[in-house]
Structure formats: structure tokens, C-alpha cells
Trainee: 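What follows is a structure written as C-alpha cells; I'll ask about it next.
Every value quoted in this text rests on a predicted model; they were computed, and no experiment measured them.
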Amino acid sequence: MEAVWRIESARLIAGLARLVRDVGLAEELAQDAFVIALEQWPRTGIPDDPGPWLMATAKHRAIDLLRRQERYATKLGLLGRDAEVRQEHAEAELDAALDDHIGDDLLRLMFTAAHPVLSTEAKTALTLRLLGGLTTGEIARAFLIPEPTAAQRIVRAKRALADAGVQFEMPTPDETADRLSSVLGVIYLIFNEGYSASDGEDWVRPELCQEALRLGRILVTLLPNEAEVHGLVALMELHASRLPARTDASRQPVLLLDQDRRLWDRLLIRRGLDALDHAESLGGGPYTLQAAIAACHARGHSAEETDWPRIAALYEVLAYIQPSPVILLNRAVAVGMADGPERGLALVDELTGERALKSYPQLPAVRGDLLARMGRHDEARAEFTRAAELTHNKAERTLFLTRANTPGRQPE
């Protein structure tokens, strides 16, 4: 039953939202249909194809609701035709509205959940709720926040969309690029929080990576000609391939250079490389460049066989088209591997004044690694200690403190 909800809920909510023009109400109707299923299926058995059953049930609930509400005529008018004519033919049109254009509806739902009127936190919570099918409790646990806080974010997000009069529709051509960027950004934020948790005790949360991958794969089917959609999926597939090797048997972090690459998921690597080829054939952009960097790691049988000069060059291009102190820091790591720690340290030291990196634990961690490789262990120890003070993740803090005592290689 849980699997059915996780698979079908986004389609249900998307179809209903196009009808009632209210994401919150659409979610309630979808949940009502599932409650009815929970009551009936134990007696009648789960249908061979539960999706249409849930859709039909939700459709009838929507029809009943619209008939009961005083705003029935207004709601019908919003569908674009005269209310009187609508009322006469309501049920047939509602059938058609709910049964068609599921792909378009899912895309509208993605763009609505990532609307610029919402904060990043609200976009993330709403996306996981509506498109990921996660419960409020699951979202709270995923981001290590109290369940009431997660619930408030979701409620406020729906209210903000309603108060702003946000329509359940595709953005205009002028808005599409920015809105798509926001959608991709939310999905990647979810993935990154799973791949390298910013808080809590665990270094990785694979379930968040899986949700982000699922959303990315859906988006690929809806926007097959968008290069950066393929680029983001390629990036996530390639990074996700390393998850089995990112922690040891005791769930402690294992650094990229120390990972047993035999544990990397070869199927995800093949999928990622295929997606990268598709993205590059369509032009690509920042996500495609990051995927190309991840591909260099995937193709290397060991850290020593990795094409570090190419990685450094790709980071230089990425920094040119999307300037960011974090990208420049990553470039410094690659240069340090390709040209030696002295050259890498010189590039890192150019970034020490960046305000965006003031509380970023990876800056002192990178300096610590480079200093350790140069034999400057006392300075390296101080840098790793500083990194441990800055991180909010318990596993990462333990890692940094261990490296302060035994300076080693730099984490991802």
C-alpha cells in the first residue's frame, strides 16, 4: 500500500490540481482516495492496476466536492467556459480533465512546487511531499527537523501559493528557463543532502538520493530535449554509484581516494555515462560539466589512474560559466592532485578571504590535506581541528578530528 502511494500520488495530485486549481485541495482529495482504498482493498483485494482505481475514486470525490461547494460555479468558470454550460456537462469534462495529459500535469506540478514565491526550504519540503510522496514525518527525519516544523513549512508553502494566486500552469516562455533552473536546483539540493548530510550523525542518507534520482528520471521523461535535465540525472547517477563505498561496515566515512572502487555500482555508472552522452549531444551546461567531472572518476580504476588534469580543466570551464568560491575550491583540489600540493595550496590561499567560505568546513579541510602532503603536519592538524569545529555533521566531525591526529587525504 505504501509503495502504491509513493508511485501513484504525484499523478493523482497533478491531475486533480489541474482540475481544482488548488494544490492543497488536490492533495487532500488524493489522500481521501487512498483512505477509501485502505478501507476497501483489504476486503476486495488490491486491483491489478491500482492507479486508475485511485484516479477514478479521486475524480468522483472531486465531482462531489465541487457540487457541494458554494463556489462550484466559480470553480467551473475557472476551467475556461461558461458556468452554465459547464454545469450541464460537468461530469464528462471532469472525466476528460483527469484522464488526459498526465505528463503535462506532472510537469506543471514540478514547476508549481518550485515557484519563486516560495523559499528554498519550502520548495524542498513541498516537492518531497507532492512529488516524492513522503509523509511529513519522513521529511522531518530526512532534514533532521522537528515534525511540526516540517508540517509548518508545507502548510505555509501551500498558503503562499494560494495567497499569491499562483496558477497551476506552465510558466511563460520568458519564465521557463529560470523556473526550470529552480526545479533542477531543488532536486539537486535533495540529492546533496542525501549524499553528504549537512547535519546529524550519518554522513549519507541514501533514501534522499533515491528520491532525487526518481524525480530526476521523471523530469527526463517529461523534458527529453533539455540538456541540463539529462546533465543533472547523469551527475546524480554517477555520484550515487559511489554510495556503497562511501561508508565502511561501521557507517564511518570513507574518502573518495580510499574507496574500494569495486563496490561502485556499475549499472548506475553506465546509466550516468549514457545520460552524460545525451546531455553533451544537446549542448549541456553547469550540471553537464559536473557530470563530466564525475565521469572522470568513474572511468578511473584507481585514484592514481584518474585524469586529474582533465578534471582541473573542466573545473576551470565551470568556474568561468558559473563563478562560485566552492567551484574554485574544488578546482584547487584537482590542481593539487594534477600539479602538486604546492600549486593547489596557492590557489586555496587565494580563497581564504571569501565571505561565502568563512563557515565552510571544507576550506580548512582542503588546506589541511595539502599541508599534510607537503609534510607541514602541525599546520595541517590546526586546519583539520578548525574543520571539525565548523561542521554540524557528527560523522564528518569525527573524521576531521581523526585526521587532525593522523593527517591524511582530503574528503569529498
Side-chain angles (χ1 to χ4, degrees), residues 5-27 29-30 51 55 97-98 100-134 138-139 142 153-154 157-158 160-162 164-194 208-237 275 279 282 285 287:
W5 172 255
R6 195 64 60 90
I7 293 168
E8 299 292 346
S9 61
R11 295 179 69 253
L12 283 170
I13 295 169
L16 291 162
R18 178 157 60 95
L19 168 65
V20 300
R21 304 289 179 175
D22 185 322
V23 171
L25 178 57
E27 185 188 11
L29 290 167
M55 184 66 80
L98 284 167
D100 293 340
H101 308 106
I102 293 300
D104 290 345
D105 288 344
L106 278 173
L107 195 55
R108 289 186 184 98
L109 186 58
M110 284 190 168
F111 278 108
T112 301
H115 195 279
V117 73
L118 301 178
S119 67
T120 299
E121 294 81 6
K123 292 175 185 177
T124 303
L126 196 60
T127 298
L128 285 174
R129 175 74 169 205
L130 300 181
L131 290 153
L134 272 65
E138 288 172 325
I139 294 171
R153 287 183 184 177
I154 295 167
K158 295 174 186 175
L161 292 175
V166 175
Q167 296 295 310
F168 183 73
E169 60 189 12
M170 289 295 293
T172 65
D174 291 340
E175 298 171 334
T176 298
D178 288 341
R179 293 279 290 279
L180 178 58
S181 176
S182 181
V183 171
L184 296 178
V186 169
I187 293 174
Y188 194 39
L189 187 154
I190 294 169
F191 182 88
N192 272 338
E193 186 61 27
L208 276 180
C209 293
Q210 292 303 319
E211 286 301 327
L213 270 171
R214 189 169 70 84
L215 293 173
R217 290 164 182 163
I218 291 173
L219 197 55
V220 161
T221 66
L222 300 177
L223 295 172
N225 296 319
E226 289 287 345
E228 281 291 78
V229 175
H230 292 278
L232 175 59
V233 170
L235 176 60
M236 293 191 298
E237 300 273 15
L282 292 170
Y287 288 118

Trainee: What distance separates E27 CD from L16 CG, expressed to the nearest 0.5 Å?
Mentor: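 Nearest 0.5 Å value for the CD-CG distance: 11.0 Å.
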Trainee: What's the separation between atom CE in M110 and atom CG in L130, rounded to the nearest 0.5 Å?
Mentor: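 So the gap between those two atoms works out to 11.0 Å.
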Trainee: Between atom CD of E228 and atom CG of L235, what is the distance when rounded to the nearest 0.5 Å?
Mentor: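 E228 atom CD to L235 atom CG measures 9.5 Å (nearest 0.5 Å).
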Trainee: State, to 0.1 Å, how close R153 and A125 come at their nearest heavy-atom pair, and which atoms those are.
Mentor: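 Scanning both residues, the minimum pair turns out to be CB-CB, 4.3 Å.
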Trainee: Show your working on side-chain contact (heavy atoms from CB on, under 4.5 Å) between R179 and H115 and close with a plain yes or no.
Mentor: CA-CA 7 Å; R179 293 279 290 279; H115 195 279; 3.6 Å; yes
Trainee: Indicate the atoms forming the closest heavy-atom contact of A157 with L126, along with that distance.
Mentor: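 Shortest heavy-atom contact: CB-CD2, 4.1 Å.
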Trainee: Got a second to check how far I13's CD1 is from D105's CG, nearest 0.5 Å?
Mentor: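 Going from CD1 on I13 over to CG on D105, the span is 12.0 Å.
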Trainee: Please find the pair of heavy atoms, one from A234 and one from A275, that lie closest to each other, and give the distance.
Mentor: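 In terms of heavy atoms, the two residues are closest at CB-CB, 3.6 Å.
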Trainee: What pair of heavy atoms forms the shortest contact from I190 to A212, and how long is it?
Mentor: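 Distance-wise, the nearest heavy atoms are CG2-CB, 4.0 Å.
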Trainee: Can you check whether L131's main-chain N or O pairs, donor with acceptor, with R214's side chain at less than 3.5 Å?
Mentor: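 Checking the backbone N and O of L131 against the side chain of R214, a donor-acceptor pair under 3.5 Å is found.
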Trainee: Who passes side chain to side chain contact (heavy atoms under 4.5 Å, CB included) against S181, sequence neighbours left out?
Mentor: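 Counting only residues at least two positions away or on another chain, S181 forms no side chain to side chain contact (heavy atoms under 4.5 Å, CB included).
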Trainee: Show your working on side-chain contact (heavy atoms from CB on, under 4.5 Å) between E237 and R217 and close with a plain yes or no.
Mentor: CA-CA 10 Å; E237 300 273 15; R217 290 164 182 163; 3.0 Å; yes
Trainee: Residues two or more places apart in sequence or in another chain: which of them pass ring-ring contact (aromatic ring centres under 6.0 Å, His included) with Y188?
Mentor: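 With sequence neighbours excluded, Y188 shows a ring-ring contact (aromatic ring centres under 6.0 Å, His included) to Y287, given in chain and number order.
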Trainee: Nearest 0.5 Å please: distance from the CD atom of E138 over to the CZ atom of R129.
Mentor: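 Going from the CD atom of E138 to the CZ atom of R129 covers 9.5 Å.
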Trainee: Could you work out, with side chain to side chain contact (heavy atoms under 4.5 Å, CB included) as the rule, every residue matching L282, not counting sequence neighbours?
Mentor: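 Residues passing side chain to side chain contact (heavy atoms under 4.5 Å, CB included) with L282: A227, H230, H278.
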Trainee: What is the distance from atom CG of L128 to atom CD of E193, rounded to the nearest 0.5 Å?
Mentor: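 Nearest 0.5 Å value for the CG-CD distance: 10.5 Å.
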Trainee: In sequence, state the C-alpha distance, the side-chain angles, and the governing distance for I154 and I139, and then conclude on side-chain contact (heavy atoms from CB on, under 4.5 Å).
Mentor: CA-CA 10 Å; I154 295 167; I139 294 171; 3.9 Å; yes
Trainee: Kindly write out the residues that satisfy side-chain hydrogen bond (donor to acceptor under 3.5 Å, both in side chains) with E8, not counting sequence neighbours, or none if the list is empty.
Mentor: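 Result, side-chain hydrogen bond (donor to acceptor under 3.5 Å, both in side chains) vs E8: R11.
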Trainee: Who pairs with L189 by side chain to side chain contact (heavy atoms under 4.5 Å, CB included), at least two apart in sequence or on another chain?
Mentor: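 For L189 the side chain to side chain contact (heavy atoms under 4.5 Å, CB included) partners, ignoring immediate neighbours, are T120, T124, F143.
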Trainee: Identify the two heavy atoms, one from F111 and one from L180, that lie closest to each other, and give their separation to 0.1 Å.
Mentor: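 Residues F111 and L180, closest heavy atoms: CE2-N, 3.4 Å.
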Trainee: Measure across L118 and T112 and return the closest heavy-atom pair with its distance rounded to 0.1 Å.
Mentor: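 Looking at all heavy atoms of both residues, the closest pair is CD1-O, 4.4 Å.
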Trainee: Could you go through residues 218-226 and list every donor-acceptor pair under 3.5 Å that involves a side-chain atom there, pairing it with any protein atom two or more places apart or in another chain?
Mentor:
from : atom 1 : to   : atom 2 : distance (Å)
T221 : OG1    : I218 : O      : 2.6

